Amino acid sequence: MAKVLVTAALTSANEELHIDRFRTFVTADIFVRMRRALGDDVLFVCGTDEHGTSAALRATSEGVSTLEITTRYHDLDKQVLARVGIHFDYFGRTTSRVHHQTVQWFFARLQEKGSIKSAQSEENYCRKDQRFLPDRYVNGKCRFCGYLRASGDECENCGRALDKQDLLEPVCAICGESTEKKPTLQWYLQLEDFRDRIKDWISGNDPVLPVYGREFLLKQFLSASLENFSISRDLEWGVPVPLAGAEGKVFYVWFDALIGYVSFVKEAIQDRSGASWEDYWKDPKSRIVHFIGKGMVYQHAIFWPAMLLGTELRLPNSIIASGHLNLEGKRMSESSGWIILAEDFLEQFDPDFLRYYLIEGAPLTDDLDFRFKEFQERVNADLVDTLGNFVHRALRFVSDKFGGRVPAPAKVTPEDEELIVRVADAKKKVIESIDSFEFRSGLQAIISLARDGNRYLTRSAPWNLLRTDPKRAETVIYVSVSLARALTILSAPYLPNFTKRTSVMLGLNSYESGYEALEKELPPDSVIGRPAPPYQKVTEQMISDMMLRISAENSEEVDIDYFSKLDLRVATVVAAENVADTKKLLKLRVRLGRETKTIVSGIADQYDPTDLVGKKVVVINNLKPSRFAGVVSQGMLLAAEAGGVVSILVPLKEVADGSRVH
RNA sequence: AGCGGGGUAGGGGAGCCUGGUUACCCCGCCGGGCUCAUAACCCGGAGGUCGAUGGUUCAAAUCCAUCCCCCGCUACCA
């Protein structure tokens, strides 16, 4: 039996899971379920990456130990994932003893082979806290956009990854004092030594990056020499560098986190007799598949293979990178609260709905824009009305007209045969689609098969046949229930909840055991369970509840002084026009008592300029002027926004322009 | 700037690698049918100069060139 190792990118143990991570989890899970249904011996692992500097910083500010923080998120992630039906064989943590040992083994091994070099480097240092300030431990001004609170590794404002020299006026993230430079010893992995082999691996016939990243890496990185990869940090939180004189130094979090794929395998199988982690990481006959987000291909396809080659472990077969998830056209971002927490989402909606939308919404490599309206439409139309409804109407017919016993078929017509052929086609599509990591067409084939079922039922009209030709009615219903059963089995990788529910109704018990049941005919006279609609519709109410939660998470407590700094005023719109060459911008002239101001507002897609003239509105009067498409805006119009609808705030009673709002 | 991805009916996608009958699918819209089913289902219809221009060819959404527009990435960033 083929051994397959499937991994999903580790989660970072300093924040709650957002639904954007689920594109990776869901694709990995679908792949795992399908390969298992085909009989493969699959090991599915994931875990928490606990050595990030964000977690350590957070611990400092909350006054607790870092391990306390990461344990909290590890437990939470594990629980949320289980609830969504993503069951890893093992969900590890990078703070485990086995992992620490494995990381140190990698380092020792690489050093032995001469792939690691040490060198002095000048790093940011805080004299007051007596510590070095790597990555997020230092803040400063972003060289590119001028944002004053950028971190050492990333500017939140412009989204750029920053290097040490990109951060101007650096200050300590803990005490705020300015930093100084101090020399320190660091270790580097000599990536260049592995470049040719990595290049061959990536450009080989058996595509390692079948969906995304191949051209990008070959052109952008592997065509020129690779810089050394700095793998150590002067920090106390992390896996210690196991050398004399390296006290106070740990491995860089990416060096450590990737190795989790090996240590988690060790931990996963430690109780299995006769099994060894080497069966996965040394045996060339095994298969290794990594599922990750698009933003991590570099680490997985450059750092990681270098580390594996250097330690003489085998390289993965496939790295599957999925695109990002945006929310209503805007990039999700923690700092602004523009995110959907997985826990909230899954409390409100069936996990199958998320799985469906994440796969169906866009090709895997494209960024997917999560739009609630579209989510609702797609889920209701395809899952509830087409798939769920078909199975339900077939089973209800059996239950209402045949006393819950599936009738035996009489003569089979060409039309019936046609449907049976479609089942075989759909099965082929599902397997091919998942095996080629493309996922969508298999799911579409299932929905399309349900559509065929609905068409078949409507055309055959067994409710009429019951009177005119009862034998034929029995055959039609037998065929329909067979199709419902086929849909149940085929949906298993994609829609586990659906399969679970309809299996019970159909009296199937081995739905997860594979596709062989598809080859067997449904035994006539089978007794079915009580039919019920497998899914409930997504309602407007559910959507607005969800939207409300997003905005609630967005808020931070402030005091009244903070609020009173805002100068909110009532104003009358005296003129309005579209800003040339823009889609959403409207240029408004508003009168606040004596003065008249220009305000640019992004509402042109919702409001016609002529409808606004003469209306009383509320504006922020003391907002720093800002330029949009060449027009200077001297304030901001207040409006409520939910589910893509923008509603401008207006005063209920007549008040004078310039009246204060508080 | 460089690199990667993309521009196909109102919206979202497939087709492009391996050119070839009326460019396919889903949603939406319009009209009709059915009443077994969660106002669900089924049938029919309208709607496209396949980003632009030029070229190769008997034939181009599909190959080549140039240009325009969008999105992303640019290394220690999940």
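Values below: all heavy atoms of this structure, side chains included; hydrogens, waters and symmetry mates excluded. Chain identifiers are assigned alphabetically (A, B, ...) following the order of the sequence lines, protein sequences preceding nucleic acid strands; residue numbering begins at 1 within each chain. Everything numeric here is computed off the predicted structure, so don't read it as measured data.
Nearest to the side chain of A:W254, among B:A78, B:C76, B:U35, sits B:A78. Distances from the side chain of A:F397 to the nucleotides B:C36, B:A40, B:C76 place B:C36 closest. The side chain of A:T458 sits closest to B:C41 out of B:C26, B:C41, B:G72. Checking B:C27, B:C76, B:U35 against the side-chain heavy atoms of A:A381 singles out B:C27 as nearest. Comparing B:C36, B:C77, B:G72 by their closest approach to the side chain of A:Y298 singles out B:C77.
OP1 or OP2 of B:C42 has not a single side-chain nitrogen or oxygen of A:R455 nearer than 4.0 Å. Residue A:K294 places no side-chain N or O under 4.0 Å from the OP1 or OP2 atom of B:G4.
Within 3.5 Å, no donor on the side chain of A:R440 pairs with an acceptor on the base of B:C26, nor the reverse.
One P atom belongs to B:C63, the other to B:C73, and the distance between them is 27 Å to the nearest Å. Rounded to a whole angstrom, the distance from the P atom of B:A61 to that of B:A52 is 11 Å. Annotation: B:A60 and B:A37 have their C1' atoms spaced 47 Å apart (nearest Å). Comparing B:G55 with B:G19, their C1' atoms are spaced 15 Å from each other, to the whole Å. Straight-line distance between the P atoms of B:U18 and B:C77: roughly 41 Å, to the nearest whole Å. Taking atom P in both B:G10 and B:G5, one finds a spacing of 27 Å when rounded to whole Å. Taking atom P in both B:A1 and B:A14, one finds a spacing of 28 Å when rounded to whole Å. To the nearest whole angstrom, the two P atoms, one in B:G12 and one in B:G28, are 15 Å apart.
Rounded to whole Å, atom P of B:A78 lies 19 Å from atom CZ of A:R93. In this structure, the CZ atom of A:R396 is 16 Å from the P atom of B:A40, given to the nearest Å. Atom CD in A:E438 sits about 14 Å away from atom P in B:G13, given to the nearest Å. The CD atom of A:Q444 sits 13 Å away from the P atom of B:C25 (whole-angstrom rounding). Atom CD1 in A:I447 sits roughly 11 Å away from atom C1' in B:C26 (whole-Å rounding). Straight-line distance from the CZ atom of A:R451 to the C1' atom of B:C27: 9 Å, rounded to whole Å. Atom CG in A:L387 sits roughly 16 Å away from atom P in B:C26 (whole-Å rounding). Regarding A:D367, its CG atom lies at a distance of 7 Å from the C1' atom of B:G72, rounded to whole Å.
Looking at heavy-atom distances under 4.0 Å, A:N454 makes contact with sugar-phosphate atoms alone, never a base. No contact: A:L466 has no heavy atom under 4.0 Å from any strand. Base engagement by A:P533 is indicated by at least one non-hydrogen atom pair under 4.0 Å involving a base atom. At a threshold of 4.0 angstrom between heavy atoms, the contacts of A:Q299 include nucleobase atoms, whether or not backbone atoms are also involved. At the heavy-atom level, A:S12 lies nowhere under 4.0 Å from the strands shown.
Sequence order on RNA chain B of the closest nucleotides to A:R378 and A:H392 puts A:R378 first from the 5' end.
Other residues, nucleotides and ligands place more than 12 heavy atoms under 6.0 Å from the NZ atom of A:K294.
Annotation for A:L110 and A:A306: closest pair CD2-O, 4.5 Å, computed over non-hydrogen atoms.
There is a side-chain donor-acceptor pair under 3.5 Å between A:T7 and A:H290. Of the N and O atoms on the side chains of A:Q186 and A:S230, not one donor lies less than 3.5 Å from an acceptor on the other residue.
With contacts defined as side-chain heavy-atom distances shorter than 4.5 Å, the pair A:Q376/A:I543 qualifies.
Taking the six-membered ring where tryptophan is involved, the planes of A:F370 and A:F372 are perpendicular, since the angle between them exceeds 60° and thus also 30°.
Between the side-chain ring of A:W463 and the base of B:C36, a stacking contact exists by the 5.5 Å and 30° definition.
Side-chain N or O atoms of A:Y494 include one that pairs as donor or acceptor with a backbone N or O of A:F439 at under 3.5 Å.
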